[in-house]
Enquirer: 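Can you keep this structure in mind? I'll have questions shortly.
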Amino acid sequence: MEFILVGLSHQTAPVDIREQVFIPEAAVGECVRRLIDHDLIESGVLLSTCNRTELYAVTQAPAAPDQLFESFGWWPHVLPFAAWRRHAYQLTGEDAMTHLFRVASGLDSMVIGEAQILGQIKAALARARSAGVVEVRLEIILHGAIRAGRRTRHETELGRSPVSVGHAAVAMAAQMLGDLSGRGVLLVGAGAMSEVALRLLRNQRIGPVYVTSRTVERADRVARPLGASAVGFDAIGDIVDEIDIILSSSNAPHHLFEKSHVEGFQSRRSGRPLLIIDLAVPRDIHPEVSRVSGVHLVNIDDLQTIAETNLEGRRAWIPAAERIIDEELRRTRLALEARASAPTITALVNRVEDLRDGVLERHLAQVPASDGQTRDALRKLADALTANFLHGPIRALRESPDPALEASVINNAFDLDLDRELS
């Protein structure tokens, strides 16, 4: 088995590239299933977020990593292949597993230690299960990464001082506008990021806060518990005069605000300064909006300066997270090796027990049926010898630094029938 990873992230690609590779949740299952049907992979989990699109997969084909990199580069996204080749990466084996574990632990995030990515990985695994495109070896690897991420949250200062892109957005607003008290805010999108931002903004004693989403009902579910007001998307113009900050993080597949929309807002606001922070990928705000008078447009990549400041304060906590990652990588490798050895162990046990039963049957045939004591003694002797004989080879398989080599030696030595165990 080879564990492979292909994709790109904020580390290698700007937002205008990442938004072209973003794969909507509804298309994830079909994408992985198509790769399986073309015999490139045996199972896969696809993660597509604002900062990364990565496919984690297992394969038996030696040429699969290169073929998968090319295949995934052509479909299902809209990014030209030449740009994909420039910005994407391909990792295999230990490198791929280490990368995934770091992602799950928040060490590869734009905001180091952010917790949202762990939930996104869990959701990606759940979608793969629902689509029937994940099998047990990939489950073992993903569960190991999730354990590493969970332990990082619970056992290190990174988890005890949680941050997110929402934190960075609010910090950016404070950095650009100074005192936020009394400022009016519009949150576009009713997801987790808006909820985090709203809680943080409330601590800044801001002015009126409005939440808009696909439906007023959905917006109200986020707004009401936190003392904000829901507003229909079509009614934004009615309240825009009260707004100084727009923070947008919807799941829309296209721009929600074109230049003409924001020009209309500014006309109603008499051209007062307006800060727009676009956290969405694909972007909610057309880049041309930055040309509108009085508007300062910030996208998710512009938060990098805040993220770097955040890193300086959190760098000392990273080694503890890396130790957890190393421990969970070792635990995951052992689980994979145990699974890889399982068919050989089962075949060996069956072979030796078949031999035992054959010899025992011949000797029991010479003992009268009425001599129950002798017959029981022979059975116990045969079972004890079998258990003692199997102990050494099974232990060697489970503890070997190279279980594949150990299994091959035992398979050949005992002429084991693995097909019987795998059928």
Side-chain angles (χ1 to χ4, degrees), residues 8-19 22 49-52 102-120 149 152-153 156-189 191-207 209 243-250 273-285 287 289-290 295-318 321:
L8 53 75
S9 74
H10 68 283
Q11 305 276 19
T12 64
V15 64
D16 62 307
I17 296 294
R18 296 200 307 277
E19 67 184 359
F22 182 82
T49 73
C50 60
N51 277 332
R52 70 183 66 248
R102 289 181 64 83
V103 168
S105 300
L107 298 192
D108 197 64
S109 297
M110 177 179 289
V111 180
I112 295 296
E114 60 97 3
Q116 189 177 6
I117 186 64
L118 183 58
Q120 291 167 332
T152 298
R153 304 288 175 271
T156 74
E157 290 298 326
L158 286 171
R160 286 188 270 276
S161 303
V163 291
S164 67
V165 172
H167 286 77
V170 173
M172 172 70 82
Q175 180 178 293
M176 299 187 72
L177 300 179
D179 187 4
L180 296 182
S181 60
R183 305 275 192 178
V185 178
L186 171 65
L187 297 173
V188 181
M193 208 175 297
S194 289
E195 204 166 334
V196 168
L198 183 49
R199 292 180 188 279
L200 294 168
L201 287 165
R202 274 301 180 200
N203 296 333
Q204 304 276 344
R205 292 188 300 237
I206 54 175
V209 181
I243 299 303
D244 301 289
I245 304 166
I246 296 176
L247 198 157
S248 196
S249 59
S250 85
L274 176 64
L275 172 62
I276 303 178
I277 302 178
D278 186 358
L279 301 180
V281 178
R283 285 173 288 182
D284 287 340
I285 319 294
V289 167
S290 64
V295 172
H296 192 107
L297 176 61
V298 172
N299 66 42
I300 193 168
D301 285 358
D302 297 324
L303 300 180
Q304 190 64 46
T305 55
I306 298 290
E308 287 169 358
T309 301
N310 163 274
L311 176 58
E312 288 305 314
R314 301 165 76 81
R315 198 181 296 277
W317 303 340
I318 293 176

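Throughout, residue positions are numbered sequentially from 1 according to the sequence presented.
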Enquirer: Measure across Leu303 and Ala168 and return the closest heavy-atom pair with its distance rounded to 0.1 Å.
Expert: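 Smallest heavy-atom distance, with atoms named: CD2-O, 4.0 Å.
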Enquirer: Kindly indicate, with the supporting measurements, whether the criterion side chain to side chain contact (heavy atoms under 4.5 Å, CB included) is fulfilled by Leu198 and Glu195.
Expert: CA-CA 5 Å; Leu198 183 49; Glu195 204 166 334; 5.8 Å; no
Enquirer: Is there side-chain contact between Val298 and Met176, with at least one heavy-atom pair below 4.5 Å?
Expert: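 Of all side-chain heavy-atom pairs linking Met176 with Val298, at least one is under 4.5 Å.
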Enquirer: Restricting to side-chain hydrogen bond (donor to acceptor under 3.5 Å, both in side chains), what partner residues turn up for Glu19, sequence neighbours left out?
Expert: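 side-chain hydrogen bond (donor to acceptor under 3.5 Å, both in side chains) list for Glu19, sorted by chain: Arg283.
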Enquirer: With a 3.5 Å distance limit and no angle check, can you tell me whether Arg18 reaches the backbone of Ala13 through a side-chain donor-acceptor pair?
Expert: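 Checking the backbone N and O of Ala13 against the side chain of Arg18, a donor-acceptor pair under 3.5 Å is found.
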Enquirer: Please examine the side chains of Leu186 and Ile245, heavy atoms only from C-beta on, and report whether any two atoms are closer than 4.5 Å.
Expert: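 Answer no - side chains too far apart.
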Enquirer: Considering all heavy atoms of both residues, which atom of Ala171 and which atom of Ile306 are nearest to each other, and what is their separation?
Expert: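 Here Ala171 and Ile306 meet closest at CB-CG2, 4.0 Å.
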Enquirer: For the residue pair His296 and Ile276, establish whether any side-chain heavy-atom pair is separated by less than 4.5 Å.
Expert: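 No, too far: nothing below the 4.5 Å cut-off.
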Enquirer: Judged by atom type as modelled, is there a donor-acceptor pair below 3.5 Å linking the side chain of Asp301 to the main-chain atoms of Val15?
Expert: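 Judged by distance alone, yes, a pair lies under 3.5 Å.
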Enquirer: Within this structure, what is the OG1-NE2 distance for the pair Thr49 and His10, rounded to the nearest 0.5 Å?
Expert: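 If I round to the nearest 0.5 Å, the distance is 9.5 Å.
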Enquirer: Where do Gly149 and Leu118 come nearest, in terms of heavy atoms and distance?
Expert: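 Reported closest heavy-atom pair: C-CD2, 3.8 Å.
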Enquirer: Test side-chain hydrogen bond (donor to acceptor under 3.5 Å, both in side chains) on Glu114 and Ser109 and set out the steps.
Expert: CA-CA 7 Å; Glu114 60 97 3; Ser109 297; 3.0 Å; yes
Enquirer: Measuring from atom CZ of Arg52 to atom CD of Gln11, what distance do you get when rounded to the nearest 0.5 angstrom?
Expert: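 The CZ atom of Arg52 sits 7.0 Å away from the CD atom of Gln11.
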Enquirer: If every non-hydrogen atom of Thr152 is compared with every non-hydrogen atom of Ala321, which pair is closest and at what distance?
Expert: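 That closest heavy-atom pairing would be CG2-CB, 3.9 Å.
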Enquirer: Could you tell me the separation between the CG atom of Asp302 and the CE atom of Met172, rounded to the nearest 0.5 Å?
Expert: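 With rounding to 0.5 Å, CG (Asp302) is 6.0 Å from CE (Met172).
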Enquirer: Quick one: does Thr156's side chain get under 4.5 Å of Trp317's, heavy atoms only?
Expert: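 No; the side chains remain at least 4.5 Å from each other.
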Enquirer: Does the side chain of Leu158 reach to within under 4.5 Å of the side chain of Ile112, using non-hydrogen atoms?
Expert: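 Leu158 vs Ile112: side chains touch.
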Enquirer: To the nearest 0.5 Å, what is the distance between CG (Asn51) and CG (Leu8)?
Expert: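 Output value for this atom pair is 11.0 Å.
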Enquirer: Tell me which one of Val185, Val209, Leu274, Leu275 satisfies side-chain contact (heavy atoms from CB on, under 4.5 Å) with Ile243.
Expert: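 When Val185, Val209, Leu274, Leu275 are each tested with Ile243, the side-chain contact (heavy atoms from CB on, under 4.5 Å) holds only for Leu274.
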Enquirer: Is a donor on one side and an acceptor on the other found under 3.5 Å between the side chain of Ser290 and the backbone of Pro287?
Expert: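 Yes: the side chain of Ser290 pairs with the backbone of Pro287.
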Enquirer: Given Ile285, which of Leu297, Val295, Ile277, Asn299 fulfils the side-chain contact (heavy atoms from CB on, under 4.5 Å) condition?
Expert: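 Answer to the side-chain contact (heavy atoms from CB on, under 4.5 Å) test with Ile285 among Leu297, Val295, Ile277, Asn299: Leu297.
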Enquirer: Can you tell me how far apart CG (Asp284) and OG (Ser249) are? Round to the nearest 0.5 Å.
Expert: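 Going from CG on Asp284 over to OG on Ser249, the span is 7.5 Å.
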Enquirer: Are more than 12 heavy atoms, taken from residues, nucleotides or ligands other than Arg205, located less than 6.0 Å from that residue's CZ atom?
Expert: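 Not more than 12 within 6.0 Å, no.
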Enquirer: Is Gln204 reaching over with its side chain to a backbone N or O of Ile206, donor-acceptor style, under 3.5 angstrom?
Expert: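 Looks like no, no N/O pair under 3.5 Å.
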Enquirer: For side chain to side chain contact (heavy atoms under 4.5 Å, CB included), just list the numbers for Val165 and Gln116, CA-CA rounded to whole Å, side-chain angles, deciding distance to a tenth of an Å, and then say yes or no.
Expert: CA-CA 9 Å; Val165 172; Gln116 189 177 6; 5.5 Å; no
Enquirer: Where do Cys50 and Ile300 come nearest, in terms of heavy atoms and distance?
Expert: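 Distance-wise, the nearest heavy atoms are SG-CD1, 3.6 Å.
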Enquirer: Quick one: pull up CE in Met110 and CD1 in Ile117 and give me the separation to the nearest 0.5 Å.
Expert: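 It comes to 12.0 Å.
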Enquirer: Show the nearest heavy-atom pair for residues Gly166 and Val196, with the distance to one decimal.
Expert: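 Of all heavy-atom pairs spanning Gly166 and Val196, the closest is CA-CG1, 4.5 Å.
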